[in-house]
Amino acid sequence: VSPTVDVDAARELAELTRAIEAHVEWLVASGATGVPRAERPSAPVVAAQNPPEMPTNERPAPPAVAGPVVVSSVLPLSTVPPASSAALTVEPAAPAIAKPPALEPAERIRRLELLAESVRSCTRCALHAGRTRTVFARGTGASGLCFVGEGPGADEDAQGFPFVGKAGQLLDRMIEAMGFSRDDVYVCNIVKCRPPDNRKPEPEEMAACMPYLKEQLELIAPEVMVALGATAVQGLFGTSEGITRLRGRWKLYGGRTPVMPTFHPAFLLRNPAAKREVWDDLQAVLRHMGRQAPKR
Ligand code: SF4
């Protein structure tokens, strides 16, 4: 076996392991408590049917399929270990809550506009003092996919839209690579006003702004969300864990919306080698949506 084949096989095994792990995490997030245990009945004794005079080395091979697969029991998910050593981090570990009935598009747009109007005049936290513009969202969300970031930077503050600077351009390339149009993906942030010197928003600033995001997400009702960076995960789930540990592991927002945490595009601009991990995470999102990235 050549070293190239070994490397390819190891990569394939790693990808398969990650896919199985993501699927188990998603099952837990969906409230599943077990998976069917598949068993096959014993293989029929084929050798006894061969002519006795036929030499052993000329006998036909026994059939590859020994019998139909039988679901004999349910294997509790608690007995399925995660493929890596890190524990499952699905939050909250509760059955998924049914989605409320979808609003008529015109009504949804009307409510989003009203909400954006409230944000424009908001003074709930100290960040209002330094903003040029509030930054509410971009995109329609028609794809079912929503990205949540941290907060506006200088470019976003100047233009009034999220992810329009260099990190935003990288996010657009990621969205395109996934096979979505930029405008069909909903993009928003935890806080709607730019923190001074691009610092991380304080916990009280995030808490003050979260009701806006909560209402946005209720109106958009995305099928799947991607949390970009540790602050986005912290805002959505209140966790203080680092993104290196969180990324690639499904979480559940509001009891019904799966969220994939991954690195922020600004981090990728400084650490391009991490693009591989982000692409793995985005492919898990595509698999969940029953899609595949277009061939490039
Ligand atoms: S960051 Fe949010 S809560 Fe704070 S002033 Fe801006 S809109 Fe209001």
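All ligand and atom numbering here is 1-based and tracks the order in the structure. Only a predicted model underlies this, so the values are computations on that prediction, with no experimental measurement involved.
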Measure up the W250 and H288 rings against each other and bin them: parallel (under 30°), tilted (30 to 60°), perpendicular (over 60°). tilted
Give me the one residue out of T231, N198, N189 that meets side-chain hydrogen bond (donor to acceptor under 3.5 Å, both in side chains) with E150. T231
Can you list, by chain and residue number, the protein N, O or S atoms under 2.8 Å from atom 2 (Fe) of ligand 1?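 Counting only protein N, O or S atoms under 2.8 Å from atom 2 (Fe) of ligand 1, the list reads C209 SG.
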salt_bridge([X], [Y]) N-O dist < 4.0 Å:
X: E205; Y: R199; result: yes
X: R110; Y: E113; result: no
X: R120; Y: E117; result: yes

For R131, take its heavy atoms, then give the atoms of ligand 1 lying under 4.0 Å from any of them.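 Atoms satisfying the 4.0 Å criterion: 5 (S), 6 (Fe).
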Taking only residues two or more places apart in sequence, or in another chain, which ones meet R182 in a side-chain hydrogen bond (donor to acceptor under 3.5 Å, both in side chains)?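 So R182 forms a side-chain hydrogen bond (donor to acceptor under 3.5 Å, both in side chains) with D172.
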